[in-house]
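Beneath this line is the structure, given in C-alpha cells, with notes to follow.
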Amino acid sequence: MNQAEALRAEIARAARTLGAPHDVVPHLERPRDPSFGDWATNVAMTLTKPLARKPRDVAEALIAAMDLPSVGATAAEIAGPGFINFRLDPGFQARGLLQILAAPEQWGRSDVGQGANACVEFVSANPTGPLHVGHGRQAALGDAISALLEATGWKVSREFYYNDGGVQIANLALSVQARVRELSGADAAIPEGGYHGEYIREIASNYVAQHPEDREGNDLNALRVFAVAALRHEQDLDLQAFGVKFDTYYLESSLYTDGRVDSTVKALQASGHTFEEEGALFLRTTTVGDDKDRVMKKSAAKGGDYTYFVPDVAYHVTKWERGYTRAINVQGADHHSTTTRVRAGLQALEIGIPKGYPEYVLHQMVTVVRGGEEVKISKRAGSYVTVRDLIDDVGRDAVRYFFLMRKGDSQLVFDVDLARSQSEENPVYYIQMAHARMCGIFRVGEIDAASITGANVDLGVLAEPAEVELVKALLDYPALLVGAADAAEPHRVAAWLLETARLGHLWYHKHHVLGEPEAITQARLVLARATQLGLAAGLRLLGLTAPERM
RNA sequence: GCGCGCGUAGCUCAGUUGGAUAGAGCGUCGCCCUCCGGAGGCGAAGGUCGCAGGUUCGAAUCCUGCCGCGCGCACCA
C-alpha cells in the first residue's frame, strides 16, 4: 500500500467511527497551492448529508478520530468550506522513493486490470499506400494505450485489421495496371478514385521486372496480389522504423472465407432488427440514435454486396468471442460515423455485449508545419505527408512524443523545426535532458547509480521546497497511470513527464548533490536516482529512449 | 440542415472526472547569476474559461439555447 492509499484508508476508518457508510471512499487530491499542504480531502463535505452535520463539524470530528502519525501526517487543518489539508512529514514522504529504487522495472505498475484481456486495434490502414501522419498518430496512441493497459494489469493484444478486399483495393490494382501499361508505351489513365503517388510507379516497374510474361498488365489478379504484398511490406517497414509491433493481424477477407459474415447477417435477421426495402437489407440503427437506418446488403441492382460495416460487426463479434472484455479502437475522427453502426450491430445481436463496446479513441487532424508553413505533400505519396518523412526528419522519439503530447480530441500542429531542435524549448529534448542530468551526477561523482538503495540514509533532510515538490511529482506516477489507462489518454503521461522534468531541472539548478555534507549528499543521491528512474519509466512507457548523456 | 469534437493568458496547451485565489511553457518587462552539463534563477504584467441561461453549498468541468472552427453525413471504406 502506498502513502496515499494508507491515508485514504485511515480517513475512511475514522469516517466510519462517525457513522459514515461502510463503503465510503474518500477523495484525495493535491491542493492547488502547496502551501495548503500535501494532500487534501473533501470528504467532510460529501458526508454532510448522510451524517446530517455541518461540513466543518464533520471535519473537526474526523480529524479528532484519526491516528495522524500512523500515516505520516504532522498536521491536519480545516480550510475553506470544509476541506481537510494534511501535511506529511518530508522524511516519511521521501521514503516512498525507496520503492522506485528497489524495483525500477515494476515502478508504477498495478493490477487494477486483474489480468483481463484487452484488444487495442490501431493503424488498420488499407494497403493502398505508405502510412500518413494520421496513421502515425494512431500508431503512437495505440502503442501507448496498450502500454498503459499493460502497466495497469491488463493482458493486451495489439491488433491490426487489414482491409484486403473491396473497392479501394480494386482501385489500387487498376492504378498499378495503368502505370504498367504506361511503361510499355500504351496510353493509360489512373482510374477515378485511384492512386497517383510515385510509389505506384515503383510497384509497376517491380511488377514488370518480376512478371516478364505480363508486360501489358493484363492479369489484374496478379497485379492486385503483387501490389498488396508490396504495400503491406512497406507499411511493416514504416511501423518497424517507428518501433511498433503488432500481436495480431486480422484479415477482412477471412471473415468471408470462414463464414462469419454470413452467420452474422443471419443472426441479425433472426434478431428482428432488420428489414428489407427496395431490394436492400437494412439494419434498424435509428433506434439507437443513428439518424437513418443503414444498408447491410445492397440491392441486386447495386451489386448485392454487403456494405463495409457488416464485416466490421462480424469482426467485433470475434473480439468479444476471443475474450476481450475491453476493446479499444484508435481511429481518425473522420470515422466517427462508424461507431454508432458497429455498436448498434453488436447490440442487435443480443449476445450480452456491453453497450459501449468497443470503445473508440478518435483523434483530430494533424497539421505538419515547417518554417512556419504548412507541409501538405511528400514526394513519394504525392497528396499527403508520410510517417516515414517525419521519422527520417526528426527521429523516432520526437515523432512519438509530439503525437502523444496533445489529447486526441484536439487538433495537433506538428512543428518539424521544434521537434528537431536541440534546445529546451523542445519538450522531448527537455525531458531527456533532465534524465541525462541525473545520470551525469553519478558519472561526475564516479558513483555506481545502481548501488544507491537508500538504506540507512536519513531522507528527512530532503526538506527544501524544490525537493518536496519533486518527490511528490514522482510519487504521483502510479495513480496517474491508473487514470490515464482508464481514460485511454496517454497525453497525461506526456504532461507528467514534462512537469516532472521541469521540477527536476529546477531542483538541479537550485541545490547541489555532490560536495555537500555527507548526510545531504547521500539523501540527494537517492532523489537523483529516483528522478532518473522515474523519468526513464515514463519515457519507456511512451516508447521513448532515456539517454544517459546527450 | 443533422450528428460528433473543440473553443481556457499575446501564442501553444494542461486542468487529477463538480472543489479553495483557474495553471505551465514560450513571448513581453524588471532584477540577479555564470554553478555537477551548454545558460539558468527570482519576480511582475497578462483571464468575463466563446456568449446567455439553468442545476447546487460550490461549475472551466454537468444540462439547455445560441456563436465560431474542424470532421462526418453513400446501396464508399
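Protein chains get the first letters and strands the later ones, always in sequence-line order, with residue 1 at the start of each. What you see is a predicted model, and the numbers here were worked out from it, not measured in a lab.
Taking the centre of each ring, A:His316 and A:Tyr357 stay at or above the 6.0 Å mark.
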> Nucleotide by nucleotide, 5' to 3', does protein get under 4.0 Å of the base (B), only the sugar-phosphate (S), or neither (-) in nucleotides 72-77 of chain B, counting heavy atoms?
Replying inline: S-SBSB
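Across all strands, A:Asn85 comes closer than 4.0 Å to base atoms (heavy-atom distances). In this structure, A:Leu506 reaches the sugar-phosphate backbone alone: every heavy-atom distance under 4.0 Å involves primed, P, OP1 or OP2 atoms, never a base. Contacts of A:Met405 with the nucleic acid, taken as non-hydrogen atoms under 4.0 Å apart, are absent.
Nucleotide B:C2: paired with B:G72 (Watson-Crick or G-U wobble, both distances less than 3.5 Å). Across all strands shown, B:C26 forms a Watson-Crick or G-U wobble pair with B:G10, both key distances being under 3.5 Å. Judged by Watson-Crick or G-U wobble contacts below 3.5 Å, the nucleotide B:G65 has B:C51 as its partner. The partner of B:A60 is absent, by the rule that a Watson-Crick or G-U pair needs both atom distances under 3.5 Å.
Spacing between B:U8 and B:A60 at atom P, rounded to whole Å, works out to 15 Å.
There is a side-chain donor-acceptor pair under 3.5 Å between A:Gln432 and A:Asp397.
Evaluation of A:Phe83 against the base of B:G19 yields no stacking contact (centre distance < 5.5 Å, interplanar angle < 30° required).
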Please produce a list of atom pairs where a protein N or O lies less than 3.5 Å from an N or O of nucleotides 59-67 of chain B.
none

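RNA chain B is contacted by A:Glu424, A:Met433 of residues 412-433 of chain A, taking any non-hydrogen atom closer than 4.0 Å.
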